[in-house]
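What you see is a predicted model, and the numbers here were worked out from it, not measured in a lab. Position 1 is the first residue of the sequence, and the numbers go up from there. Order of listing sets the numbers, starting from 1, for every ligand and every atom in it.
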Amino acid sequence: MRKILITGALGQIGSELAVRMRDVYGNANVIISDLKAKETHKELIENGPFEVIDVMDKDRMAEVVDKYGINTIVNLAAILSATGEARPDLCWSINMNGLYNVLELAREKKLSVFTPSSIAVFGDLTPKDSTPQDTVMRPGTMYGVTKVAGELLCDYYFHKFGVDTRGVRFPGLISYDTLPGGGTTDYAVHIYYEALKNGKYSSFIDKGTKMDMMYMPDALDAILNLMEADSSRLIHRNAFNIAAMSFDPEEIAASIRKHIPGFVLEYDVDPIRQAIADSWPNSLDDSAARAEWGWAPKYLLDDMTKDMLEKLSKKLNIKI
Ligand code: NAD
Ligand code: SER
């Protein structure tokens, strides 16, 4: 039976992954942790074990691993792309030293590790369309640098020490439970909130800028399915391209207008996040993930929009 520790569990992915994992593995077997408890996630914190863990503190993490007999760490503690450009020192420090502490603990205590990578591993020299699984990885952001280095470090621990490390390169993730934490793709979440609240949105990403995106339920499936995949089938490990949909701001606005016809999209482009978006792929080739562990997304843009607007209108108590 898995005993899982999730770091950074109160963020955009963790807050939903924790619920899904507790359904699958049992509440007592999924220990969630973050820098501090958050009032917004009271229910999650109260329906199973919660521990305060800073991933920079390896001894504290070891104490929790021993306390619960943890055998798997899902490492979600990180600084994302836009915050990473504002605070490259912090981004390097948390993304690299945090992961190093997780991998060292995994080596010492024979744990499995899942840690997400990102489309941010790619840069200007990478083919933009149908970006291959194995290709040029020369990112232009500190976040991307930490994600490439993280992939290499995870591979190193697998080959050198036999640590079972696995990961996916997530595109921009769209969800309604927890707001995203400082990324370039965040516009594709904010747009739904603003469409419901004000009927208009001012995008910091320019028209015509396509990026790969995914709805959170597919992202959670990817984590669970890869974690449980037969190890002998995995040729790649750190990390798999996965893809679901690719769109620009005009396309997501058109999808929203099918439900809110008067929705207005305006632009107030942020040059820093625009430069990051311009350096990332338009769409990924995810054939390795499909072949090696059966990856197949369920949501395309219009399915996601319908579900997002339904769930968000309930959450915000706004009728469409
Ligand atoms: P998030 O910013 O929403 O959450 C990160 C969490 O980590 C936060 O709750 C934060 O409090 C916590 N944290 C920060 N520093 C910490 C520290 N020192 N110790 C412990 N916890 C700390 O991020 P997310 O979107 O949930 O992303 C999780 C992982 O997935 C990251 O590795 C990220 O790079 C990757 N990813 C996310 C996306 C996306 O669109 N959300 C896309 C690609 C990859
Ligand atoms: N959504 C993430 C970001 O924009 C991609 O890794 O930073």
Side-chain angles (χ1 to χ4, degrees), residues 5-18 32-38 40-41 44-45 50-58 60-61 64 73-87 90-102 113-122 139 141-148 150-151 154 167-175 177-190 204-205 209 211-216 218-220 222-223 239-244 270 272-274 276-277 279-281 284:
L5 170 65
I6 308 179
T7 69
L10 301 184
Q12 189 193 5
I13 299 179
S15 57
E16 295 201 36
L17 181 65
I32 63 171
S33 70
D34 209 301
L35 285 174
K36 57 179 195 261
K38 295 180 188 166
T40 43
H41 295 90
L44 184 60
I45 288 166
F50 172 80
E51 297 282 345
V52 171
I53 294 180
D54 181 338
V55 288
M56 307 291 277
D57 184 348
K58 183 174 165 233
R60 168 72 184 137
M61 212 167 4
V64 173
I73 300 185
V74 178
N75 180 42
L76 301 180
I79 300 297
L80 276 76
S81 61
T83 310
E85 286 312 279
R87 290 291 314 275
L90 187 71
C91 183
W92 174 266
S93 180
I94 291 176
N95 295 11
M96 293 317 305
N97 297 327
L99 177 60
Y100 182 73
N101 286 340
V102 166
V113 175
F114 181 94
T115 198
S117 185
S118 161
I119 50 170
V121 294
F122 302 117
T141 60
M142 178 55 89
Y143 175 66
V145 169
T146 66
K147 288 296 175 185
V148 175
E151 287 191 12
C154 287
V168 292
R169 294 175 183 143
F170 277 131
L173 298 181
I174 293 158
S175 63
D177 187 60
T178 303
L179 280 165
T184 302
T185 56
D186 297 9
Y187 92 88
V189 178
H190 297 158
F204 60 77
I205 293 296
T209 310
M211 283 187 278
D212 249 24
M213 301 280 181
M214 183 176 292
Y215 198 31
M216 189 60 85
D218 279 332
L220 303 184
I223 296 174
F240 286 92
N241 280 3
I242 54 171
D270 167 19
I272 294 176
R273 284 177 286 188
Q274 183 61 39
I276 297 174
S279 75
W280 288 354
L284 300 190

Atom 31 (C) of ligand 1 has as its nearest protein heavy atom Ala78 CB, 3.5 Å
For atom 23 (O) of ligand 1, what's the nearest protein heavy-atom neighbour? Residue, atom name and distance, please. Leu80 CD1, 3.4 Å
Answer yes or no for Pro171: is there a heavy-atom contact with ligand 1 below 4.0 Å? yes
What I want to know is whether Gln12 and ligand 1 share at least one N or O pair that is separated by under 3.5 angstrom. yes
If every non-hydrogen atom of Ala277 is compared with every non-hydrogen atom of Ile205, which pair is closest and at what distance? CB-CD1, 3.9 Å
Could you pull out, from Val52, Asp212, Ile53, the option with a heavy atom nearest to atom 20 (C) of ligand 1? Ile53
Ligand 1 versus Ile94, non-hydrogen atoms closer than 4.0 Å: side chain, backbone, both, neither? side chain
Contact atoms of ligand 1, heavy-atom distance to Gly181 under 4.0 Å: 2 (O), 3 (O)
With nothing but distance in play, are any N or O atoms of Pro180 less than 3.5 Å from an N or O of ligand 1? no
Taking the side chain as C-beta and beyond, is there a heavy-atom pair between Met61 and Asn101 under 4.5 Å? yes
Can you report which non-hydrogen protein atom sits closest to atom 8 (C) of ligand 1, along with the distance? Asp34 OD2, 3.6 Å
Per-atom contacts, ligand 2 versus Leu80 - under 4.0 Å to a heavy atom: 2 (C), 7 (O)
Closer than 3.5 angstrom, by distance alone: can the side chain of Asp34 be matched with the main-chain N or O of Leu10 as a donor-acceptor pair? yes
Would you mind checking which non-hydrogen protein atom is closest to atom 5 (C) of ligand 1, with the distance to 0.1 Å? Leu76 O, 3.8 Å
Ala9 and ligand 1 - part of the residue with a heavy-atom distance under 4.0 Å: neither
Qualifying residue for side-chain contact (heavy atoms from CB on, under 4.5 Å) with Ile53, from Leu35, Ile32, Leu5: Leu5
Given 3.5 Å as the limit, does a donor-acceptor pair link the side chain of Glu51 with the main chain of Val64, or not? no
So, regarding Ile79 and ligand 1 (criterion: nitrogen or oxygen to nitrogen or oxygen, under 3.5 Å), is there a contact or not? no
For atom 44 (C) of ligand 1, the closest protein heavy atom turns out to be Ser117 O, 3.2 Å
Distance from atom 32 (O) of ligand 1 to nearest protein heavy atom, with residue and atom: Lys147 NZ, 2.8 Å
At what distance is the nearest protein heavy atom to atom 6 (C) of ligand 1, and which residue and atom is it? Gly8 O, 3.5 Å
Got a donor-acceptor contact below 3.5 angstrom from the Ser33 side chain to the Ile6 backbone? yes
Hey, is the main chain of Ile276 close enough, under 3.5 Å, to the side chain of Ser279 for a donor-acceptor pair? yes
Just to confirm my output: which protein heavy-atom neighbour is closest to atom 1 (N) of ligand 2, and how far is it? Thr185 OG1, 2.7 Å
Using side-chain heavy atoms (C-beta onward) and a distance below 4.5 Å, is Glu16 in contact with Ser175? yes
Would one find an N or O of Ala77, backbone or side chain, under 3.5 Å from an N or O of ligand 1? no
Separation between CG (Leu284) and CE (Met211), nearest 0.5 Å, reads 12.5 Å
Note: Pro171 and Ile119 closest approach over all heavy atoms is CA-CG2, 3.8 Å
Leu173-ligand 1 polar pair, N/O distance under 3.5 Å: yes
If you take all heavy atoms of Phe170 and Pro116, which pair is closest and at what distance? CD1-CB, 3.7 Å
Any side-chain to backbone donor/acceptor pair from Asn95 onto Ile79? Under 3.5 Å, distance only. yes
One finds that the ligand 2 atoms under 4.0 Å from a non-hydrogen atom of Thr184 are 3 (C), 4 (O), 7 (O)
Any idea which of Ile13, Leu17, Asp186 brings a heavy atom closest to atom 37 (C) of ligand 1? Ile13
By number and element, which atoms of ligand 2 are closer than 4.0 Å to a non-hydrogen atom of Trp280? 3 (C), 4 (O), 5 (C), 7 (O)
Which of the ligand 2 atoms, numbered from 1, are nearer than 4.0 Å to a heavy atom of Ser118: 5 (C), 6 (O)
Between Phe204 and His190, how do the two ring planes meet: parallel, tilted or perpendicular, split at 30° and 60°? perpendicular
Heavy-atom gap Ser15 to ligand 1 smaller than 4.0 Å: no
For the backbone of Arg169 and the side chain of Ser118, can you confirm whether one donor and one acceptor N or O come within less than 3.5 Å of each other? no
Specify the protein heavy atom at minimum distance from atom 36 (N) of ligand 1: its residue, its atom name, and the distance to 0.1 Å. Tyr143 OH, 3.7 Å
So, Arg60 side chain and Val52 main chain: donor-acceptor pair closer than 3.5 Å or not? yes
Is the contact between Lys38 and ligand 1 made by the side chain, the backbone, both, or neither, using heavy atoms and a 4.0 Å cut-off? side chain
Does Thr184 use its side chain to pair, donor to acceptor, with the backbone of Ser81 at less than 3.5 Å? no
Can you confirm, on distance only, whether ligand 2 has an N/O atom lying under 3.5 Å from any N/O atom belonging to Ser81? yes
Please classify the Ala120 to ligand 2 contact at 4.0 Å (heavy-atom distances, strictly less than): side chain, backbone, both or neither. neither
